[in-house]
Number of protein chains: 2
Amino acid sequence: MPSIRSESPRKKPTQARAQHTVESILRATAHILRTAGWDACNTNAVAKRAGVSIGSLYQYFPSKESLVTALAEEHAARGLGVLMEAVSAASGGKLSFEQTVRHYIRAMVALHAVDPKLHRVLMEQVPRLKGGLDVMRRVSTPAAALVRSWLETQRKHLRAVDLDVATFTLVTAVEAVSHLQMLERPAKLDQELMVEELSQLVLGYLKIPPPPGPPGRAS
Amino acid sequence: MPSIRSESPRKKPTQARAQHTVESILRATAHILRTAGWDACNTNAVAKRAGVSIGSLYQYFPSKESLVTALAEEHAARGLGVLMEAVSAASGGKLSFEQTVRHYIRAMVALHAVDPKLHRVLMEQVPRLKGGLDVMRRVSTPAAALVRSWLETQRKHLRAVDLDVATFTLVTAVEAVSHLQMLERPAKLDQELMVEELSQLVLGYLKIPPPPGPPGRAS
DNA sequence: TCATGATGTGAGCAAAAGCTCAGCTCGACA
DNA sequence: TGTCGAGCTGAGCTTTTGCTCACATCATGA
């Protein structure tokens, strides 16, 4: 394993044939990561599954890491796209605060349902690859900004919170819970219930608490 | 990399000298994982850092995986111990519901502060190792049971929730948020604030909501 | 003191996997 | 029909690394 050997930028595919080759390679990588896991994902196996020679693979991806990173980038872009779509769909002003939260959460839960196994492998392995942290940041930063700026417009519904802190807490919690739910699929906990629970979690955290008094509570 | 070659149980150390060897090996493994990461953690490097020969390492750990798994087991046991301690410390009946939640969360946040880098590597890599999922389960199952059984005693403070679902949601969210906070250390978000935010998150999710009416809220 | 088993050593084997390169095919264009 | 370059091939080189084994050393009980 010669670690970092060549970091020269490889040629970009121009002809349709080459586009197809690159696409096959990425699809094969995703398939192997999803079904056989990180350890089984070596460049020879990817090339074989893609139906191209190992040499072709290295024509477009200078290293194994760059291959996985490229796949992660694609995966991340898709995720960010879903979030942006959800935001613009909810920005008509027709939905209440509560309804909007539920809408976002439903989008996130649905996103995690798409390809949870691949998502897991990428989340676990990409951060330690060269450039992997950048890939992660290129999604998480705008995603957080999107959430934060929405929260900003909803100040009147919120208790006194620091928006940065609240964004961090909410994004992390929603991501983690919906991710793990997809992987472990606990009995009783289907997607729709998950949306409900996460909405409770988020709303309970954000909403203005009632003045203490009447409602039955002890201590 | 001969994958699975020998799975024979290796001898358990009996003399003090051997105990020390085993301990050195585990400490070296932890050190390398923490400071140099998963890729740098090969058996030769571990042996070198531990100051023992590679042969000695294989006398006690039949494979690289068993070595990491053993470390994970130790790490996990420590974590479960902290939780159990927190539960017994809070079981005097002197603390209110809110105070107890805060007490648990403080313990969890403190736990994640101990060795976050190592924790991250183990959480990311152990699940895919042979027997790794069992190690994870041997902590997460009793931990969840502990939380669940406490919630059960607090029914009168809770809104109508399925305890299994609530346990899953809370444990996952608290773990993920405190873990990520330690790794990213966002400005503004110190440990004490984290405890506060997570307590808000958990209490907002669990507590009986107020009857709709007077308190200022829109929509 | 000696025997015996536990413990420690490290050169080196073998397999895995990243990656190269010399030469091939294919297709667009003149 | 010929040229030229983009694209494709796969045997095999090289490095890494998990792991073995023949031998040395240590500790303990008789």
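Quick note on labels: first sequence line is chain A, next is B, and so on, each numbered from 1. Model, not experiment: these values are computed from the prediction. Heavy-atom basis, side chains included; hydrogens, waters and symmetry copies ignored.
Contact annotation: Ser56(A) side-chain N/O to dT9(D) OP1/OP2 distance is under 4.0 Å. Phosphate proximity of dC8(D) to Thr21(A): present, with a side-chain N or O under 4.0 Å from OP1 or OP2. Put simply, Tyr58(B) has no side-chain N or O that comes within less than 4.0 Å of OP1 or OP2 on dT9(C).
At whole-Å resolution of the value, CZ in Arg17(B) and C1' in dC26(D) are 5 Å apart. Separating the CD1 atom of Ile54(A) from the P atom of dC21(C) is a distance of 15 Å, rounded to the nearest angstrom. As a whole-Å value, the separation of Gln59(A) CD from dG18(C) C1' is 17 Å. To the nearest angstrom, P of dG7(D) lies 16 Å from CD of Glu23(A). Atom P of nucleotide dA17(C) and atom CD1 of Ile32(A) are separated by 12 Å, given to the nearest angstrom. Between the CZ atom of Phe61(B) and the C1' atom of dG8(C) there is a distance of 15 Å, given to the nearest Å. Atom pair Leu57(A):CG and dT20(C):C1' shows a separation of 13 Å (rounding to whole Å applied). Taking atom CD1 of residue Ile25(B) and atom P of nucleotide dG18(D), one finds them 14 Å apart after rounding to whole Å.
Partners of Gln154(A) according to the side-chain hydrogen bond (donor to acceptor under 3.5 Å, both in side chains) rule, which considers only residues two or more places apart in sequence or in another chain, are His157(A). Legend: residues meeting side-chain hydrogen bond (donor to acceptor under 3.5 Å, both in side chains) with Asn42(B), ordered by chain and number and at least two apart, are absent. Partners of Phe168(B) under the ring pair (Phe, Tyr, Trp, His ring centres under 6.0 Å) rule, at least two apart in sequence or in another chain, do not exist in this structure. Take Arg148(B) and apply the side-chain hydrogen bond (donor to acceptor under 3.5 Å, both in side chains) test, not counting sequence neighbours, and it matches Asp164(B).
Salt bridge absent: Arg128(A) and Glu65(A) never bring a charged side-chain N and a carboxylate O closer than 4.0 Å. The pair Arg102(B)-Glu98(B) does not count as a salt bridge, with every side-chain nitrogen at least 4.0 angstrom from each carboxylate oxygen.
Under the ring pair (Phe, Tyr, Trp, His ring centres under 6.0 Å) criterion, the residue pairs touching residues 62-92 of chain B are His75(B)-His119(B), with sequence neighbours excluded.
Under 3.5 Å, the side chain of Gln15(A) and the base of dG27(C) form no donor-acceptor pair of N or O atoms.
A heavy-atom distance below 4.0 Å to DNA chain D is reached by these residues of residues 34-53 of chain B, ordered by number: Asn42(B), Thr43(B), Asn44(B).
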